[in-house]
K.L.:
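Let me begin by handing over the structure; questions about it come next.
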2 protein chains.
Amino acid sequence: MQLNNTVQYAIRVLSYMSAGEEETLYNVKALSEELEISYKFLTKIMTVLSKADLIVSIRGRVGGFKLAKKPSQIALIDIISVFDPNIKEDICLLGLGECDSAHKCALHDQWIKPKADIQKMLEETTLDGIDKNNLKF
Amino acid sequence: MQLNNTVQYAIRVLSYMSAGEEETLYNVKALSEELEISYKFLTKIMTVLSKADLIVSIRGRVGGFKLAKKPSQIALIDIISVFDPNIKEDICLLGLGECDSAHKCALHDQWIKPKADIQKMLEETTLDGIDKNNLKF
DNA sequence: AATTAATACCACCTTAAGATAGTATTAAAT
DNA sequence: ATTTAATACTATCTTAAGGTGGTATTAATT
Ligand code: SF4
Ligand code: SF4
């Protein structure tokens, strides 16, 4: 019932980056200290986010990362999908992926409503719509 | 965003047991074959469920397990709590446990509604209210 | 050209969940 | 009493997520 650690970090970093001015460059060292996330682990995550075109990497001495789009154009579902491409199936409590009215798991009838709500929320919530306080836990 | 394997198995077994006559005894061998769950792993789970008083264990030659209460008196939240005592905090996407209006995570405002729905569902859904078909995936 | 500060890559370590194996205990049936 | 079929216990194996370490590459500064 929780997003995994990697995705949580990704959301926190992108939230942090979307709080500043557009086009601001952030380096991982500073981000890792500010958000209290392991530097090495964070570089790994940033590289993945970069390849997924959510952020842009600039190498070299005054390099860093910046958002690739406006915060309003990055939804939670986009971030999660990078690390968990099967997010839609994974929102299911019993994790049976393929299901129709004839083949449904024990909890389908009770779960389908909250599931739809969550999916909608993840699709509609973008980086500029979320609370930027308390980004380090 | 998914219940862990152990909890999923527990729900499936208890669902299966609640489909039959009251007081029916089930042995783990048969259950494991019927539901296609590893026998050894299932005995472990059953022992835990027994200690949590959701089922009653009867040792010896004609032993087995039976439900300790009526299906209508066992809610999903009761099953989940056995293996995940912090379920209430674990329903949070970013997994920050202790939070109030002043200290809330980035997703609190968006999440609080679905969270409440899920919690309500887990509390109100009992074993006799769920679909007993397709218990083996 | 050399230095420096950044990202990128590759291989490994650590931990916890998931699963298995072997043995002990219990109690009905014979 | 012995056998047998069940649960109970303890220790270990496996796998994937989480996390580290070391080095290569890039490009501005000097
Ligand atoms: S049957 Fe319904 S609740 Fe179950 S896994 Fe499929 S979509 Fe999800
Ligand atoms: S702040 Fe809200 S959403 Fe975040 S962990 Fe706490 S209760 Fe859950």
Side-chain angles (χ1 to χ4, degrees), chain A residues 1-13 17 24-68 80 82-87 90 94-95 137, chain B residues 1-13 17 24-68 80 82-87 90 94-95 137:
Chain A
M1 283 307 308
Q2 265 184 229
L3 296 171
N4 67 38
N5 239 330
T6 304
V7 171
Q8 290 187 25
Y9 288 159
I11 291 175
R12 285 169 53 199
V13 168
M17 290 173 70
T24 308
L25 265 189
Y26 297 90
N27 68 70
V28 179
K29 191 88 192 302
L31 286 172
S32 75
E33 282 167 6
E34 186 64 38
L35 297 172
E36 291 169 1
I37 299 172
S38 147
Y39 168 72
K40 280 293 193 176
F41 194 33
L42 190 52
T43 59
K44 220 181 199 173
I45 294 172
M46 297 303 270
T47 302
V48 175
L49 288 174
S50 163
K51 286 186 174 154
D53 294 321
L54 291 186
I55 57 181
V56 173
S57 89
I58 294 171
R59 299 181 70 160
R61 185 162 179 184
V62 293
F65 292 96
K66 63 178 181 183
L67 290 184
I80 300 173
V82 172
F83 302 94
D84 175 8
N86 299 317
I87 174 64
D90 289 351
L94 297 189
F137 330 133
Chain B
M1 281 306 308
Q2 264 182 229
L3 296 170
N4 67 38
N5 238 329
T6 305
V7 171
Q8 290 187 25
Y9 287 160
I11 292 175
R12 286 168 53 196
V13 168
M17 292 173 69
T24 308
L25 264 189
Y26 297 89
N27 68 70
V28 180
K29 192 87 192 303
L31 287 173
S32 74
E33 283 166 5
E34 187 64 40
L35 298 173
E36 292 170 359
I37 299 172
S38 147
Y39 168 72
K40 282 291 192 177
F41 194 33
L42 189 51
T43 60
K44 222 181 200 173
I45 293 172
M46 297 303 270
T47 302
V48 175
L49 287 174
S50 162
K51 286 188 174 154
D53 295 320
L54 291 186
I55 57 181
V56 173
S57 90
I58 295 170
R59 298 182 70 158
R61 184 161 179 184
V62 293
F65 292 96
K66 64 179 181 182
L67 290 183
I80 300 173
V82 171
F83 302 93
D84 175 9
N86 299 317
I87 174 63
D90 289 352
L94 297 190
F137 332 132

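First the proteins, then the strands, lettered A, B, ... as listed; each starts at 1.
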K.L.:
Got a sec, which residues hit side-chain hydrogen bond (donor to acceptor under 3.5 Å, both in side chains) with B:K66, two or more places apart in sequence or on another chain?
P.N.:
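Here the qualifying residues are B:E23.
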
K.L.:
Name all residues meeting the ring-ring contact (aromatic ring centres under 6.0 Å, His included) criterion together with A:F41; count only those two or more places apart in sequence or in a different chain, and write none if there are none.
P.N.:
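For A:F41, the residues satisfying ring-ring contact (aromatic ring centres under 6.0 Å, His included) (neighbours in sequence not counted) are A:Y9.
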
K.L.:
What pairs of residues pass the side chain to side chain donor-acceptor pair (under 3.5 Å) test when at least one of them lies in residues 48-57 of chain B, not counting sequence neighbours?
P.N.:
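Qualifying pairs, neighbours excluded: none.
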
K.L.:
Taking ring-ring contact (aromatic ring centres under 6.0 Å, His included) as the definition, give me every residue that meets it alongside B:F83, ordered by chain and number, with sequence neighbours left out.
P.N.:
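Counting only residues at least two positions away or on another chain, B:F83 forms no ring-ring contact (aromatic ring centres under 6.0 Å, His included).
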
K.L.:
In whole angstroms, how far is the P atom of D:dG18 from the CD atom of A:Q2?
P.N.:
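Going from CD in A:Q2 over to P in D:dG18 covers 11 Å.
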
K.L.:
Looking at B:V28, B:N27, B:L54, which one forms a side-chain contact (heavy atoms from CB on, under 4.5 Å) with B:F65?
P.N.:
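The side-chain contact (heavy atoms from CB on, under 4.5 Å) with B:F65 is passed solely by B:V28 among B:V28, B:N27, B:L54.
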
K.L.:
Could you state the CG-P distance from B:L25 to C:dA28, rounded to the nearest angstrom?
P.N.:
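So the CG-P distance, B:L25 to C:dA28, works out to 12 Å.
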
K.L.:
Just the rounded figure in Å: distance from P of C:dA16 to CG of A:N4.
P.N.:
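To the nearest whole Å, that distance equals 17 Å.
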
K.L.:
Which part of the nucleic acid does B:Y9 contact within heavy-atom distance under 4.0 Å: base, sugar-phosphate only, or nothing?
P.N.:
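Sugar-phosphate, no base atom in range.
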
K.L.:
Looking at D:dA17, I'd like to know if its phosphate oxygens (OP1 or OP2) sit under 4.0 Å from a side-chain N or O belonging to A:N5.
P.N.:
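Negative; the distance criterion is not met.
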
K.L.:
Could you tell me how far apart A:L42 (CG) and C:dC9 (C1') are, to the nearest whole angstrom?
P.N.:
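Checked: the CG to C1' distance equals 16 Å.
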
K.L.:
Could you state the CD1-P distance from A:I37 to D:dG18, rounded to the nearest angstrom?
P.N.:
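Those two atoms, CD1 and P, are 13 Å apart.
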
K.L.:
What is the per-nucleotide protein-contact pattern of nucleotides 6-16 of chain D, from the 5' end, where B denotes a base atom under 4.0 Å from a protein heavy atom, S denotes such proximity for sugar-phosphate atoms only, and - denotes neither?
P.N.:
SBSS-B-----

K.L.:
With sequence neighbours left out, what residues match A:K40 under salt bridge (Lys or Arg N to Asp or Glu O under 4.0 Å)?
P.N.:
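So A:K40 forms no salt bridge (Lys or Arg N to Asp or Glu O under 4.0 Å) with any residue.
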
